[in-house]
Structures are given as C-alpha cells and as structure tokens.
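Written below as structure tokens is the structure these notes are about.
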Amino acid sequence: MRRVLAALVISSLLAFVPEGLAEEEVSVEFHEGAIGGELLAADITWVLLAGWVPEARVALEGVSVPDGLTFYNRTFATTQGDLMGSRLPVHSSSEVTAGSFSGVQADAEGFFSLFLKGQGGQVLIGASQSSLRVYDGDSCLAAIIEERQWNPYLVRQEDKCGSGGVSLAEGGGHVQTESDLAFSFEDVLSIEWLGVRASCDNSPNCVSSGAVRARQFDIPGTEESVGTVDTSHVAFRAQGPAKGSGHFSAIAFGGPSLDLHVDGWVRLPLAEAADPGCGSCFNPENRTVWATGELLLEDLRPVPGRSDRLQTRMSGDVQAFRLDEEYMDPASIFGSKAGFVAAGAAGVAVSWVAWKVAAALVHRLGAEDALTHPRRRRIHEYVHENPGTTFRELSRATGLSAGNLRHHLSILTRTKVLVEHTHRSTVRIFPNHGRYDDNWRSVVFLREKPLADLHAFVKEHDGCSQSDILDHFQALGWSRSTTQHRLLKLEGAGLVETRPRGRRKLYSLASARPPVHTLQVLQRGLEAQS
Amino acid sequence: MKIARLAYAICAIALLAGCSGNDASDSPGLETLPGTVSEPTSPTEGPPAPITVNTSPFNFTLTGCVGAETGFTWPPGTGPHPSVPPGWEPAFRLGDVVDLEMVSCERVAWGPFERGPVSMLFELHGQFNSPTECERGDWNRFRMLNSWWVDDVELAAFMQEELALNTTLGRLSHEVLTVGPIREVIWTWNIDGHDDSTVTFRDHQRGPFKSTYAHRIGWFDESRLFVMDMATSFQLDMGNIGHATGRMERPMMYSSYGISEYASRGTALDSYEATATIHPYEDFACGES
C-alpha cells in the first residue's frame, strides 16, 4: 500500500513540474542560524510544546501507557512588590506512581506544557520564525528556551533529548499564538505533561491531568505578596503512534538529523562548503546565505566536534538568494529550470520527504484550519471564481511560485477544500463542494473561450444546422475545419448533441448541462479574461 | 473550564510577579516574521532579485560574537544626569547606574545589511521611571540608551536614519592576553579628538557556563519612543562576575565629572549571540505604535 501511495505521490509530483525548481543541491556547513515561514520537519525525536495564553491549545490522541505513570509534585513561589521578580526555589518535590492505561486522549487549553519523545516524529508549523541550534543531551531545552520564562511552568528539563543533535525553537518568551501546529510520531517512547486533560479508552481511572494550583498571599503590613504555583507533572513511558495539533505559545523540537521543508526564508550565517576539498562545489566562503522560496534542508545535523555549526544539503524552489549583501541569481547556484524530472532521484527523494511529511500531518488540519492561511484563502477564492483552473493559471493569478502553490494546494486538497482532476496533460482544480463532481469535464471544456462561444451559439440557436454554425463562425475568422473540430469536442464532451434531419445535422445543447450557476461563473471568468 | 481559569489565574499571578511577564496583546513582544520589501535600500547593488530577503529595520541578529559587560553604580545623586523621555523622570534614586555592553561580531544582520566583522558598544543607564505599559513583556533588565557606538559607517547612518538612534561612529577593538591562569580581555574604543577609553576584563578560563539574558533597551527623540528587546546567549567563566579596570574618557558618561580611572565589576562574554526586535511608539508611554 505504501508503495502504491508513493508511486501515486511521485507521479502526481511529476505531473506538476514546477518552474524554477532547483535541479541541484548544495552542501554547506554554517553557524547556528534561523528559518522563517511555513515549516515541515521530519525525523524529529522530541518536541516540547507550551501554552500560556487562552488561544493556545493542543490535542493529542492514541497513545498507550504500559507501565503506569509518575506524578512529580512541585511548588514554586514568586514575589511582587519591591521584590518583584524574585523567584524562590522549588521547596517541595514528591513522586507518586499510578497504574497503566491505553488509548490515552489528551487535550489542553491556555496554560500547559507537553513533551514527547519518540521516533519518526514530524512537525508542521504555520507561520514560524525558528532558531537553529546545536544541542547536547543535557541542555537541549535549557539552552534553547530561556529559563526565566519557562520555569516553573514547564515539564522537568532533565535528560530530555538524548545524545545531542539539532534543535529548532520558536516562541520562547514571546507569544506566537497565530501559529498552527500539527505533529506526529510513528512511535512515542515517553510523554510528560502539565496542565493537560486526559481520557482513556478502557480505564475509568485514567490519569486526569497534571494538576495546577495557584495561590497568592499578602504579606501583612507591606504592599508585597507571595504567589505560589503548585504543579503536578505527569510523566510516563508510552508506546505506539501519536498525533496532535493545535496552537502554541512556544515550541522546541529536534533530533540527531532533520529534514526541513521551509516555505519562507533561511539565514545560514558564516557558511562554507561542507566538503572543502571539492573544488567545483559551491562555496559561500564564510559568508552568510540568505534564501527565500520553498527550500529544502536535508540531513540537517551538527558538524562533528563543533558546538555551534551545522551542515545540510540545501535545494528547492529558490526565489531569492544572497551571500552577505550580494544578491545572486539562484539559477547560478542551484541550476536552471530543468526541474523535477532532470533533478533525478535525489530531487524526487527530497521533495518526497517534504510531501510525505505534509501528507502525514495535514489531514489533522480541518478545512477551516487550512483556510486560515492567507495564501490558501487566496487560492481558494480564485478557484471558487474560476473552477477548473490549471496549475499554471493559478500560479500566475495568485502570484505564488510553483513550489509554494504546490505546497498549499497539497494542504487544500488533503483537507478536501479543493479537488484536482486530470484532464489530458493538465490538472484542473475545483472547489470540492460537490457541484462539479459530475460535470467537471464540461466545465473544463467550457473554460476554453472558443468552445464556450460555440456552446453559447448552439444554446441561442437551438436546432441550428452545422452549416449555420460553420457560416457564422467563418464570418468571425474561424476556418470551417476548425469549427468542425471544436463541434466534435463539444459533442465528445457531451455538451451538445445532434440529430439528423435529412442530410443535415441539427445541433442542440445536451440534456445533461452544466448548472446555471456554473455557466454564470464561467461566463464571468471569460469576460474577465477577455 | 476550571482548569483553564486556574491556568489564567496562574499566568496573572506570574505576570504580576514578573517571572513570566508575557502578554499577547499589549506587550512589545517579538514579531513573528521579519518584514520583506521589494528593494533593498542598498548597500550592495546586485542583479535585480524578484524577492528580497529580510530588510526590516526593526529586527537584527548578531552572530559569532565575543562581548563584555561592565557597570558602575554611582552613589545616589552623584552620577551623571542623562536625559529621559517626558514623564520618565525618576521619583528617587537608589544609585545611578551606568552600564557598558560591548560586542564584536563576525556577522550583523540588520535591515539590508549582512556584514562583518562589526563591533558595537552600548552605553546605558538606569536613571528613569518607565510607564507600566513599557514594562510589559519578558526581560531581565530595562535600561535607557545614552549612546550606541558602532564602527561601520553605513550601519551607523542606517541606524540613525531609520531608528533615530544616537549612534556614535567610533573605533572599537579588543585583544585577548593570557597571563598564567588568568585571561585578560582588553577592550579599547575612541572617537576622533578624544583619548582612548580602555577596560580590561580578567577571568580564570575555568570553562564556560552557558547563560541567557534578555535586555530591554529604550531610546527616544522629540516625538517617538523606541523599545528594543534583545535576547542574548553567551558563555561566562563559570558564571563568575569578575573585575573590570581601565580608563573612561569623554564622551563617555562616566567621565562627565573629569574622572577617568575606572574600576568596577565586569565580565567577558564568549560565544555571544543576540536577536533583537525594536518596537517604535508614537508616544512616550508605549501606547501607540
């Protein structure tokens, strides 16, 4: 099944040969940098999510807890008044172990933190601006998330992320609630949370939450007070796949080696060729790489023995490229418009990774979520007004590059907002509200202005003969053979039908006609084009 | 819902307590994405690009830096009197703090600039009483800018023009000496017509201690206020705050009473990185942006 799916995906990708898609990749190493835009990340081994505003929320489904779980109870105290900002240390800690559960569903709103560790993890984030960092096993969270903000509201930070790798962090002390999020793990190994409601498939005594209690005490005779926060963290070994989605205030995730698909920009400071011995390879020579577009950073990992440098293979639909302050033609770095087919297996593999991540995650997004993105709204509006549009027309109309459009279109089709149909060598895009399910081929034909004109003539002259039609359009400059060919097209598409009368052929609209609404929309579209 | 309410209550307490100052709507927090404009304001002409990379003047990143910081607290009422925005006059003075933060970075990404090495020095003070609205958000220390030194002429002009920054185009340098188990990091800076200012930081090379610090730094002109949140990460000598000694010459605030000799706390900072977002306001109370 997976092979079939892969074949389908690759063939569908090959059907869209994006203009400008890079045919080459460059291997670079660079100082810790940053990325921004829509982000798909694959091969993550841990993720930490946190929320601290009402809009933040997360839902998690389907994990099993084979060995029970552990509560970590802690109390933190803070002060205000003249001592504002002082934080007192943890003054209590205890651990309680409870039973085991299966099929845990969990969700949280507003104030929470959730840490998952596992294998085959993937994250999809809407708008993002993330820092790229090297981490070691002891400091993966402390080093990337400013402690003053997160402690004491986070799950425990010790021993979280394994033996080092590359991490991305976004949000930190600053709210990012506009960011959509979806994530999944093929196999979760452990989970820890705080402020999360949970339910279980087959256990009435399911863990309820990491409890949170806040209190405030005024200090008599002063204007000062002390606030305490009691938290009960819940931690457990888990197994099986898990998926989640939501909005976050902050996120951090990472792994030993990641594949990133960025629809936005990257800044890779102080970059150099990953293989300095390769004389013909692209070498930024210690300059900073800035790039925008649909970018792929494959096998992103720390440079061995360096605590602040990363390496990756970079490719993609690069729209702008800069080395320090010098703008360069992306084609001079990544090759010309040879595109996907010429890119060979490597290019397919890279995009396949990105697509696979998207496919695995976007089904978690509902149609409403999918349309929260302004670019997707723009695509949807255009398709609604121009049903049956082609990929290239849509790219031109929305101003999106082929790569960007393919990315957003994938989400809109996976969330069933739009639907794609193959018509000859083109793909036609329609709203997926059912109106075009049966007649989309007719709509496609009638998007061609000559066919639409011909169709309109037959409609206005019901029962007209072929010679009437040929004469009429010959006067407009069409050759008789062209008109006959177009009539055959309409007939073949079932849009017109003929009946013989003596030696003549009389034409009428076919009984199964596109609905009035469709024709009106098409007419408006054609008028706009003309 | 009870849990959610409880959570918001916790956040409220945390905000009041200053340990989690975070406000979605009112805070001058970081922007989500840098802005993009169609044309760079130069510095380097190149082939036309269909889309340019980040050129917002309101975000910058410092990469591959070394730095140092030192501060001097004058006895109450004896220190210099830097100007403050209207309404920010301090009600009383516990001690007049003047701080210096200096960095030398392999790369600075700011607006259309991506260049290096660039050195900077922030001269800061704490003699103000900021409006409550300006204190929202998450930061470790809030100070006002007296001067911002930079050794790149184009960057200095950009900062002045785009952000009304009181930039000083100066010469800055640093060198590292090893004296037995002691490391000396010597920073020197000056402008034409004035003697060198120099401060030596000493530490023990005992291995790095990773840390982060969130600066909030404000400045203003006749009608506008700018508030910058600069998140920094760096390594210290085992977290120790050491000594800094040297001379401060004009136009540094410290030397405004004719005193040059300088001795105070201070520390060198290794593996220094910073990202900053600047919030412009049309009033002095962080109300209208």
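Given the structure is predicted, the values throughout are model-derived calculations rather than measurements. Within every chain, numbering begins at 1; the chains are lettered A, B, ... in the order of the sequence lines, protein sequences first and strands thereafter.
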Exercise. Check each atom of A/Arg287 against the heavy atoms of chain B and say whether the ones under 4.5 Å are side chain, backbone, both or neither.
Key: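 Interface part for A/Arg287: both.
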Practice problem: Side chain from CB out, backbone as N, CA, C, O: work out which of these in A/Asp308 comes under 4.5 Å of a heavy atom of chain B, or both, or neither. | Solution: neither
Quiz item: Is B/Glu114 reaching over with its side chain to a backbone N or O of A/Glu325, donor-acceptor style, under 3.5 angstrom?
Solution: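 A pair under 3.5 Å: no.
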Practice problem: Kindly give the heavy-atom pair with the smallest separation between A/Arg322 and B/Pro112, and that separation in Å. | Solution: NH1-O, 3.3 Å
Self-check item: No-hydrogen, no-angle side-chain donor-acceptor test under 3.5 Å, A/His31 and B/Glu273
Solution: yes
Practice problem: Calculate, to the nearest 0.5 Å, the distance between atoms CZ and CG belonging to B/Arg107 and A/Asn286 respectively. | Solution: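 It is 6.0 Å, given to the nearest 0.5 Å.
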Self-check item: Sequence-distant partners of B/His125, ring pair (Phe, Tyr, Trp, His ring centres under 6.0 Å), two or more places apart
Solution: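 So B/His125 forms no ring pair (Phe, Tyr, Trp, His ring centres under 6.0 Å) with any residue.
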Self-check item: B/Ser130: partners by side-chain hydrogen bond (donor to acceptor under 3.5 Å, both in side chains), with sequence neighbours left out
Solution: B/Glu135
